[in-house]
Amino acid sequence: MIRIAFFGTPEFSVPFLTALVDDPAFEVVAVVSQPDRPSGRNHEIVPTPVKSVALDHQIPVLQPSTLRDESVATTLRSLDADYFVVVAYGKIIPQAVLDVPRLGCVNVHPSLLPKYRGPSPMNWAIAEGDATTGVTIMLLDAGMDTGPILSQTSIGLDSDETMETLMAKAHEQGVPLLVDALKRFAAGEIVPVAQNDELATMTKLLDRDDGRVNWTLPMATIERRLRAYQPWPGLWTVWTRTLPSPLKGEGQGEVYVRLKIHSLQPSDFRADLPPGTVSTKNSRLFVDCSDGTIEILELQPEGKPRMSAEAFLLGYSDVNGAMLG
RNA sequence: CGCGGGGUAGAGCAGCCAGGCAGCUCGCCAGGCUCAUAACCUGGAGGUCGUCGGUUCAAAUCCGACCCCCGCAA
């Protein structure tokens, strides 16, 4: 029986954990996850998805605030693990911890390493419009996704690929790949292959402002980002709206309305307006960007439910001619 | 006690601050007009104004409590 400690935090990690738990060749002796944090509308403390699953299976859970602590290392050593399996844990693992498991720390990285090292490989593959990406099983070393590769599989990206569909593919292909690699490496059947650092590319962590639409970009880029930036940060833009009759206490009668864009498509219609300018036609909503006109199909004003462009226009007809940004 | 927006006809909204006829755009129904339309005209149906309580001659509007939806944040 191969003894494993599983390091993971978000929903993405869960299918990997459950596969290891369900496989009789493995014994998951502990789960390490990020500390529970305040979340949701009332800032309630909620357990991480990985923690919830671990508790369901009566697996001990560790949630150290840092791994750079001798008492944590001691605890991890006491597990007597063959592998630490790391899937989207969310923190850099220090060398002192990497050295603990007998066979090493195995990481699942959803890209074709050395391409797209770093925290957002799947988002990047979609945003760049790549035809293929993949899942890599690798041994962790001190660098960021720089360790030697155990096994790799490629995934075809469709023209309408979203983070949701891509994550499903990554699970479908990545879970058996991980299980197989763990068994074969333990049996001495895999020789790790070093990455070619000269081919390496990095991805950065997405932040809120990455979701703000730059209307001076081409249509295709904006459309790919819509698919790549789900479920967060999404795509949003700001409408500086002039109110017809402002309340007495309000300022100049101008208010910033944040619009979340849920669905759009490049359009044949060409309004030929400056980038970011809104136009409407037959109850349809268009915004110009650098090389054409995009039709907004579904959107959501801040504080309102998501709605079709047609419904939006019934109540916000003054958006016609506005400049978004 | 994290911050904030919202709930008014089937849909999207205005009206609230400053209490006094339940409104707008669209949809729906009926009729008309047109060679024609996602066009236009006429008429119509459709409402516990989120819920409960309070103030008032009078509450969608002011006050209190509660329910629900959403954005931020994480």
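Naming convention: chains lettered A, B, ... in sequence-line order (proteins, then strands); numbering from 1 in each chain.
- Not counting sequence neighbours, the partners of Asp130(A) by the salt bridge (charged side-chain N to carboxylate O under 4.0 Å, His left out) test are Lys115(A).
- A donor-acceptor contact closer than 3.5 angstrom links the side chains of Asp288(A) and Thr293(A).
- Put simply, CG on Leu314(A) is 14 Å from P on rA9(B), counting in whole angstrom units.
- Annotation: cation-pi geometry not satisfied between Arg208(A) and Trp232(A) (NZ/CZ under 6.0 angstrom from ring centroid, within 45° of ring axis).
- Base pairing analysis places rC72(B) opposite rG2(B); the two distances defining the Watson-Crick or G-U wobble pair are each below 3.5 Å.
- Look at CZ on Phe312(A): it is 14 Å from C1' on rU25(B), rounded to the nearest Å.
- For Arg258(A) and rC72(B), the shortest distance from a side-chain N or O to OP1 or OP2 is below 4.0 Å.
- Nearest-nucleotide positions on RNA chain B for Met307(A) and Lys260(A) put Met307(A) closer to the 5' end.
- Taken residue by residue, residues 8-16 of chain A places no heavy atom nearer than 4.0 Å to RNA chain B.
- For Tyr316(A) and rG6(B), the OH to P distance is 10 Å, given to the nearest whole Å.
- The pairing partner recorded for rU34(B) is none, the criterion being a Watson-Crick or G-U wobble arrangement whose two distances lie under 3.5 angstrom.
- Note: CZ (Arg212(A)) to P (rC72(B)) measures 14 Å, nearest angstrom.
- Of the C1' atoms belonging to rU56(B) and rG44(B), the separation is 37 Å, rounded to the nearest Å.
- When the C1' atom of rG12(B) is taken as reference, atom CG of Leu259(A) falls 14 Å away, rounded to whole Å.
- In this structure, the side chains of Leu264(A) and Leu297(A) stay at 4.5 Å or more apart for every pair of heavy atoms.
- One P atom belongs to rA39(B), the other to rU51(B), and the distance between them is 35 Å to the nearest Å.
- Here the CG atom belonging to Leu140(A) is positioned 6.0 Å from the CG atom belonging to Leu98(A), to the nearest 0.5 angstrom.
- When each of Leu166(A), Ile155(A), Val135(A) is checked for a side chain to side chain contact (heavy atoms under 4.5 Å, CB included) with Met122(A), only Leu166(A) meets the rule.
- Remark: P of rC69(B) and NZ of Lys304(A) are 15 Å apart, rounded to the nearest angstrom.
- Within 4.0 Å of Gln300(A), counting heavy atoms only, lie sugar-phosphate atoms of the nucleic acid but no base atom.
- The partner of rA39(B), taking Watson-Crick or G-U wobble pairs whose two distances both stay under 3.5 Å, does not exist in any strand shown.
- The nucleotide rG46(B) finds no pairing partner, because no Watson-Crick or G-U wobble arrangement with both distances shorter than 3.5 Å includes it.
- Atom CG of Asp318(A) is separated from atom C1' of rG12(B) by 13 Å (rounded to the nearest Å).
- rU56(B) is unpaired under the Watson-Crick or G-U wobble criterion, no partner having all donor-acceptor distances under 3.5 Å.
- Checked by atom type, the side-chain pair Thr48(A)/Ser33(A) shows a donor-acceptor distance below 3.5 Å.
- Distances shorter than 4.0 Å separate none of the side-chain N or O atoms of Arg41(A) from OP1 or OP2 on rA73(B).
- Rounding to the nearest 0.5 Å places CD1 of Ile261(A) at 7.5 Å from CG of Leu324(A).
- With both pairing distances under 3.5 Å, rC16(B) is matched to nothing as a Watson-Crick or G-U wobble pair.
- With both pairing distances under 3.5 Å, rA22(B) is matched to nothing as a Watson-Crick or G-U wobble pair.
- Taking atom CG on Asn42(A) and atom P on rC3(B), their separation rounds to 10 Å, with Å as the unit.
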